[in-house]
Amino acid sequence: PIVSNRNTFAEELSTEYHFGVGLDMSSAAAKDRLLEYYRTINWELLDEGCRSFLERVSIENQRFEAAVSGFFSLEPPQ
């Protein structure tokens, strides 16, 4: 699992895909929240979320590679 700061893109992704928790690191309760999160992890949901996230990343990488490849294969204007 990943631990991220609250109200960040990392927290948004980790909670959406169930592979982490966002904590207010300045809070005295952060360590208790982290311990509670760890004790209650649904490992099957975490695994499923990781697989879904990796699939998303793979698709985005393929799109990016196609865009870059297409950009460099364009004929220059005459």
Side-chain angles (χ1 to χ4, degrees):
I2 185 172
V3 176
S4 59
N5 285 313
R6 292 292 314 242
N7 303 315
T8 62
F9 185 61
E11 178 194 27
E12 183 180 322
L13 286 176
S14 66
T15 55
E16 177 181 349
Y17 289 95
H18 309 286
F19 60 74
V21 62
L23 299 176
D24 178 358
M25 300 299 186
S26 64
S27 170
K31 63 183 177 192
D32 295 326
R33 169 108 166 79
L34 178 59
L35 182 59
E36 180 62 23
Y37 168 77
Y38 187 76
R39 286 181 176 162
T40 61
I41 290 175
N42 179 332
W43 293 100
E44 289 178 15
L45 188 59
L46 184 140
D47 186 59
E48 180 182 314
C50 288
R51 290 178 193 278
S52 294
F53 181 71
L54 288 175
E55 184 177 327
R56 172 185 168 176
V57 169
S58 178
I59 290 168
E60 288 179 5
N61 282 342
Q62 290 171 5
R63 289 179 183 157
F64 175 75
E65 289 173 9
V68 169
S69 178
F71 175 80
F72 284 109
S73 67
L74 293 175
E75 293 287 324
Q78 295 184 13

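What you see is a predicted model; the values in this text were computed from it and never measured.
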Could you pull out all donor-acceptor pairs under 3.5 Å where a side-chain atom in residues 53-63 meets a protein atom, sequence neighbours excluded?
| residue | atom | partner | partner atom | Å |
| --- | --- | --- | --- | --- |
| Arg56 | NE | Glu60 | OE2 | 3.0 |
| Arg56 | NH1 | Tyr17 | OH | 3.3 |

Donor-acceptor pairs under 3.5 angstrom involving side-chain atoms of residues 37-46: please list them, not counting sequence neighbours.
| residue | atom | partner | partner atom | Å |
| --- | --- | --- | --- | --- |
| Tyr37 | OH | Gly20 | N | 3.4 |
| Thr40 | OG1 | Glu36 | O | 2.9 |
| Thr40 | OG1 | Tyr37 | O | 3.3 |
| Asn42 | OD1 | Glu44 | N | 3.2 |
| Asn42 | OD1 | Leu45 | N | 3.0 |

Under 3.5 Å, sequence neighbours excluded: what are the donor-acceptor pairs made by side chains of residues 25-32?
| residue | atom | partner | partner atom | Å |
| --- | --- | --- | --- | --- |
| Ser26 | OG | Asp24 | OD1 | 2.7 |
| Ser27 | OG | Ala29 | N | 3.0 |

Smallest separation among heavy atoms of Thr15 and Glu12, with atom names: OG1-O, 3.3 Å
Treating Ser52 as the side-chain partner and Glu48 as the backbone partner, does any N or O pair qualify as donor plus acceptor under 3.5 Å? yes
Name every donor-acceptor pair, under 3.5 Å, that has one atom in a side chain of residues 1-9 and the other anywhere in the protein, sequence neighbours excluded.
| residue | atom | partner | partner atom | Å |
| --- | --- | --- | --- | --- |
| Ser4 | OG | Glu11 | N | 3.3 |
| Ser4 | OG | Val21 | O | 3.4 |
| Arg6 | NE | Glu11 | OE2 | 2.9 |
| Thr8 | OG1 | Asn5 | O | 2.8 |
| Thr8 | OG1 | Glu11 | N | 3.2 |

